[in-house]
Protein chains: 2
Amino acid sequence: MSDQREKAMQRRSKQREAIHEELSKLKTHPRSDELYAIVRRRLPNVSLGTVYRNLDRLQREGMAIEIYCGDFVRYDANVSPHDHFLCRTCRRVWDFEPGALRQEPAPSEPQDVGGFRVDGKYTVFTGLCPDCLRNL
Amino acid sequence: MSDQREKAMQRRSKQREAIHEELSKLKTHPRSDELYAIVRRRLPNVSLGTVYRNLDRLQREGMAIEIYCGDFVRYDANVSPHDHFLCRTCRRVWDFEPGALRQEPAPSEPQDVGGFRVDGKYTVFTGLCPDCLRNL
DNA sequence: TTAAGTGCAAATAGTTTGCCAGAGT
DNA sequence: ACTCTGGCAAACTATTTGCACTTAA
């Protein structure tokens with residue numbers, strides 16, 4: 001009764017490495033197209049589809065997280081638990097450690113709560129960033 | 001120096017009323033197309049564009065909230081602070097009051113934190129819902 | 001009467017996918 | 001060699017928008 005399926009062999013690729021490295025350097029939580037432009041400076045032939053495929057894979061493997069911003073997704077190579085701030089005006093995302101608004105950290109192991117298996121949590125604060133507040 | 005601009009007059013419409021009422025009846029956090037199908041039973045000629053326009057307006061007026069699910073948006077007429085759970089498999093959204101994982105409520109008034117004006121907060125837990133856990 | 005709101009369809013934009021060539025082990 | 005991975009472009013899907021017509025006030 002054992003599962004006979006072969007696990008697909010995982011190969012490394014310079015594209016995925018470049019995508020992960022460039023994402024790791026950034027603190028700006030780039031959109032796919034922004035990261036694509038940056039990776040293209042290193043690998044001029046990389047395609048946007050490859051960026052999407054690898055961001056999805058990195059996320060599934062726990063090496064990146066997705067931040068849903070409504071009209072698009074932003075990516076972050078910092079997978080340690082932290083919150084974000086989404087500016088309603090410029091739609092940039094910032095890391096946020098709000099002191100007085102401190103959150104419970106996400107469970108590090110999947111945890112069963114009321115019949116749900118919780119394996120992640122994300123908190124996004126919304127409002128106006130300092131730049132947009134200044135230009136009000 | 002006073003602002004002479006006329007504020008645009010706001011009219012009621014049976015479409016917006018129907019959209020808000022039907023959304024209020026639902027506890028399922030529908031997608032736009034799901035709500036569209038329901039409203040269409042009352043107003044067979046409403047268009048999807050009208051549903052979008054009014055959901056956006058209800059949200060801006062504080063009568064509904066948007067829940068970003070990555071590939072689409074879900075809507076909720078319950079604007080009182082509460083968290084959500086997004087199932088990674090079926091991508092349904094549930095209300096979530098996680099007891100041990102209790103959150104700080106969102107600030108009811110805009111609050112300035114480290115140069116940011118925070119006017120909202122949303123927390124989404126992710127994982128597997130009871131149904132999908134059963135079918136594993 | 002008049003401009004806000006709607007219906008419709010076309011346009012937009014982010015993301016996904018099929019296919020075949022290319023590369024990692 | 002075997003098959004995972006990528007490049008490319010077409011396809012897909014949620015959402016937005018332009019425009020002429022309705023309708024609330």
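If you take CD1 of A/I19 and P of D/dT5, they are 13 Å apart, rounded to a whole angstrom. Taking atom CE of A/M9 as the reference point, atom C1' of D/dT5 lies 13 Å away to the nearest angstrom. Atom pair A/E17:CD and D/dT5:P shows a separation of 12 Å (rounding to whole Å applied). Residue A/L48 contributes atom CG, which lies 11 Å from atom P of D/dG7 at whole-angstrom precision. In this entry the distance linking CG of B/D71 with P of D/dT13 reads 12 Å, nearest Å. Taking atom CG on A/N54 and atom P on D/dT5, their separation rounds to 9 Å, with Å as the unit.
Counting 5' to 3', DNA chain C first comes under 4.0 angstrom of a heavy atom of chain B and last does so at the ends given by C/dT2 to C/dC8.
Salt-bridge check for A/E17 with A/K14: failed, with every basic side-chain N at 4.0 Å or more from each acidic carboxylate O. Salt-bridge formation is detected for the pair B/E22/B/R42: a Lys NZ or Arg NE/NH1/NH2 atom is positioned less than 4.0 Å from an Asp or Glu carboxylate oxygen. Checked for salt-bridge contact, B/K121 and A/D83 miss the test: no charged N lies under 4.0 Å from a carboxylate O. Look at A/D56 and A/R53 and you find no salt bridge, because none of the NZ, NE, NH1 or NH2 atoms lies under 4.0 Å from a carboxylate O.
Remark: A/R53 is not in phosphate contact with D/dG7, judged by side-chain N or O atoms under 4.0 Å from OP1 or OP2.
When the nearest nucleotides of DNA chain D are assigned to A/S13 and B/R74 by heavy-atom distance, the more 5′-ward of the two goes with A/S13. Summary of the strand contacts: B/D56 and B/R12 both lie near DNA chain D, and taking for each the nucleotide with the nearest heavy atom, the more 5' one is attributed to B/D56. Nearer to the 5' terminus of DNA chain C, by closest-nucleotide assignment, is the contact made by A/T50 (compared with the other of A/R11 and A/T50).
At a threshold of 4.5 Å between side-chain heavy atoms, the hydrophobic network of Ile, Leu, Val, Met, Phe, Trp and Tyr places B/L58 and B/I65 in two separate groups. By the rule that hydrophobic residues join a cluster once side-chain heavy atoms approach within less than 4.5 Å of another member, A/F72 and A/Y75 end up as members of separate clusters.
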*Might you work through the side-chain contact (heavy atoms from CB on, under 4.5 Å) test for B/L23 and B/V39, ending with a clear yes or no?*
CA-CA 9 Å; B/L23 180 60; B/V39 173; over 6 Å; no
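Here ring pair (Phe, Tyr, Trp, His ring centres under 6.0 Å) pairs that include residues 14-71 of chain B, with residues two or more places apart or in two chains, are B/H29-B/H84, B/Y68-B/Y122.
Residue contacts for B/Y52: at a heavy-atom cut-off of 4.0 Å it reaches a base atom on one of the strands shown.
Taking a 4.0 Å limit (strictly below) on heavy-atom distances, residues 25-47 of chain A reaches DNA chain D at A/N45, A/V46, A/S47.
The six-membered or imidazole ring of A/F125 lies near that of A/F96, with a centre-to-centre distance under 6.0 Å.
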